[in-house]
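A quick note: this is a predicted structure, and the numbers were derived from the prediction, not measured. Just so you know, ligand 1 is whichever comes first in the structure, and atom 1 is the first atom listed for that ligand.
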Amino acid sequence: MNPHLAAIAKQFLARGRIVAIDNYGGGLINDTFLVETDACTRPRFILQRLNAEVFARPRQIMTNLTTIHNHIRTEHAGKVRLQIPEIIPASDNALCFQDDKGDFWRALTFIGNSRTLQKLPDVHAAEQVGLALGHFHHLLSGLDPVLLHDTLPGFHCTPEYLRLYQEVLEQTEADLQSDAAAFCLAVIADYRQEAAVLENAKEQGLLQLRVIHGDPKLDNFLFAGDSDSVISIIDLDTIKPGLIHYDIADCLRSCCQRGQPVIFDLAICRAIMPGYLSQVSSFFTRQDYRYLYPAMRLLPFELGLRFFTDYLQGNRYFKVTAPQQNLHRAIAQFQLLQSIDDQERAIGEILEDLCPR
Ligand code: ATP
Ligand code: MG
């Protein structure tokens with residue numbers, strides 16, 4: 001067992017001995033370990049080193065987590081249908097531990113008998129994802145978003161990403177003549193006028209700030225080990241004040257993309273949306289319905305734009321195993337956007353059927 005890791009894990013152990021510490025899960029941002037102990041209560045827990053390059057203020061993340069747990073406990077006691085990882089405090093009762101290298105570590109309760117999925121197997125599993133995200137938004141709908149820190153300022157602000165893109169484009173040394181780059185340039189030129197659609201709606205008071213997850217992609221939903229039920233939503237580092245449309249559309253973006261070239265899977269969308277909306281009917285407004293389709297188009301554009309910008313500036317943010325990987329990732333997102341446009345009428349019908357008269 002790595003002695004440095006063992007010393008850190010011990011900070012979170014009230015009783016018992018550590019038996020094993022292993023890398024766990026497939027996360028790309030933080031370093032995640034499963035700690036096994038011989039303690040009778042809570043014999044296993046998750047230990048994570050927070051990525052300091054992504055999160056400048058780790059303590060704010062932990063304060064946000066405490067705020068949402070306190071809210072859920074007081075407002076929804078006995079009616080919570082998801083397990084949401086809880087903080088295990090360090091021995092001095094602090095929410096996280098800073099080691100002598102300056103790294104921040106935290107411990108979370110382990111959601112056992114669970115698994116992540118890389119692809120949704122069927123519409124039943126898709127409905128479960130919609131229910132879970134809707135339930136999560138419902139649980140936090142009464143929490144004033146100003147009580148939360150914005151742990152990643154600028155995250156999901158498409159006009160800002162567009163500004164950076166413009167700056168990078170003027171200085172890039174990447175080949176812009178290839179068919180692949182030309183495709184990306186053309187999609188961005190076509191769509192850029194719409195990049196502020198959600199931010200403008202927020203400014204105009206048409207959409208309101210609420211508490212969002214920030215990263216509800218498929219592998220942040222934990223399914224039961226032995227059934228298609230979603231039992232948990234994890235990866236709560238990006239919880240912040242925001243527009244829930246970013247969450248819904250990012251979830252659809254991640255769950256509905258399939259094939260090569262990438263297309264938008266209507267059947268999965270048709271299953272996710274009723275599940276989601278069944279949970280949020282108490283606060284979802286007519287304007288919220290109206291902005292669903294623009295949000296569904298915006299999120300693949302935003303991510304494609306971020307991948308392409310990163311490609312143009314030499315892959316600084318998104319890790320790559322090949323120099324053109326971010327270019328290919330961008331193309332996949334832009335294909336998804338085009339597929340959404342191609343199916344505008346069918347998607348419109350799905351959303352219209354779900355909108356209360
Ligand atoms: P991402 O790449 O999704 O941003 P990340 O590095 O932020 O990931 P997490 O998503 O928090 O890390 O965790 C990585 C993986 O560890 C998850 O996909 C899941 O398999 C597992 N995991 C994390 N927290 C828990 C938990 N509390 N209980 C069970 N498994 C967990
Ligand atoms: Mg994750």
Side-chain angles (χ1 to χ4, degrees), residues 5 8-9 12-13 20-37 41-58 60-62 64-66 68-69 72 80 82-90 95-96 103-120 125 129 132-133 136 151-152 155-156 212-227 229-240 242 246-247 250-251 253-255 257 299 302-303 306-307 310 317-321 325-326 329:
L5 271 180
I8 287 161
F12 300 97
L13 194 64
I21 306 178
D22 294 301
N23 286 309
Y24 193 75
L28 298 174
I29 304 294
N30 302 310
D31 295 326
T32 303
F33 304 90
L34 178 62
V35 181
E36 303 213 29
T37 75
T41 47
R42 216 160 44 202
R44 298 198 276 182
F45 64 87
I46 290 285
L47 179 68
Q48 283 185 318
R49 173 174 31 209
L50 291 164
N51 185 327
E53 280 182 31
V54 176
F55 301 111
R57 296 191 179 82
Q60 291 191 346
I61 293 178
M62 302 311 287
N64 278 355
L65 256 179
T66 310
I68 68 151
H69 274 295
I72 292 173
V80 183
L82 286 170
Q83 299 176 56
I84 300 176
E86 297 201 30
I87 299 172
I88 302 173
L95 300 176
C96 52
D103 285 333
F104 281 89
W105 294 81
R106 56 125 179 261
L108 297 171
T109 51
F110 176 62
I111 314 292
N113 191 22
S114 65
R115 63 203 164 105
T116 53
L117 297 179
Q118 295 314 309
K119 188 178 176 314
L120 285 168
V129 167
L133 183 62
F136 185 79
T151 52
L152 271 182
F155 183 57
H156 278 327
I212 67 168
H213 178 284
D215 194 17
K217 55 185 181 170
L218 178 57
D219 64 8
N220 285 332
F221 293 84
L222 294 185
F223 286 76
D226 46 12
S227 78
S229 307
V230 172
I231 58 170
S232 176
I233 294 191
I234 58 165
D235 206 347
L236 308 171
D237 303 331
T238 45
I239 284 184
K240 61 176 221 156
Y246 285 112
D247 272 1
D250 208 21
C251 179
R253 185 196 60 70
S254 135
C255 294
Q257 55 182 305
L299 269 284
E302 180 185 285
L303 188 58
R306 292 178 63 201
F307 282 141
D310 206 34
Y317 184 85
F318 297 105
K319 288 180 198 156
V320 291
T321 50
Q325 194 172 2
N326 278 324
R329 287 170 172 157

- Item | Numbered atoms and elements of ligand 1 in range of Gln48, under 4.0 angstrom, heavy atoms | 9 (P), 11 (O), 12 (O), 13 (O)
- Task: Compare Asn30, Ile84, Ile46, Asn220 and give the one whose heavy atom is closest to atom 24 (N) of ligand 1.
- Result: Ile46
- Query: Within less than 4.0 angstrom of ligand 1, does Thr109 place any heavy atom?
  - Reply: yes
- Query: Does Ile234 approach ligand 1 within less than 4.0 angstrom via side chain, backbone, both or neither, non-hydrogen atoms only?
  - Reply: side chain
- Item | Proximity to ligand 1 by part of Ile29, non-hydrogen separation under 4.0 Å | both
- Message: Students often mix this up, so state it plainly: with edges at 30° and 60°, are the rings of Tyr246 and His156 parallel, tilted or perpendicular?
- Response: parallel
- Item | Donor-acceptor under 3.5 Å (Asp310 side chain, Phe318 main chain) | yes
- Looking at side-chain heavy atoms only, is the closest gap between Arg329 and Asn326 below 4.5 Å? yes
- Message: Taking 4.0 angstrom as the limit and counting only heavy atoms of Gly25, give me the atoms of ligand 1 inside it, by number and element.
- Response: 15 (C), 16 (O), 20 (O)
- Item | Contacting atoms of ligand 1, where contact means under 4.0 angstrom from a heavy atom of Lys217 | 1 (P), 2 (O), 3 (O), 4 (O)
- For residues Gln48 and Thr32, is any side-chain donor paired with an opposing acceptor at under 3.5 Å? yes
- Item | Distance filter under 4.0 Å to Phe110 heavy atoms, resulting ligand 1 atoms | 28 (N), 29 (C)
- Check: Asp247 side chain, His213 main-chain N or O, donor-acceptor pair, under 3.5 Å: yes
- Other residues, nucleotides, ligands: >12 heavy atoms within 6.0 Å of Arg42 CZ: no
- Measure the distances from the heavy atoms of Arg115 to every atom of ligand 1 and state whether one is below 4.0 angstrom. no
- Lys119 with Asp219: basic N within carboxylate O range, under 4.0 Å: no
- If you compare Thr238, Asp237, Asp235 by their heavy atoms, the one closest to atom 4 (O) of ligand 1 turns out to be Asp235
- Message: Please list, in number order, the atoms of ligand 1 under 4.0 Å from a heavy atom of Pro85.
- Response: 27 (N)
- Task: Return yes if a side-chain donor-acceptor contact under 3.5 Å exists between Asn51 and Asn30, otherwise no.
- Result: no
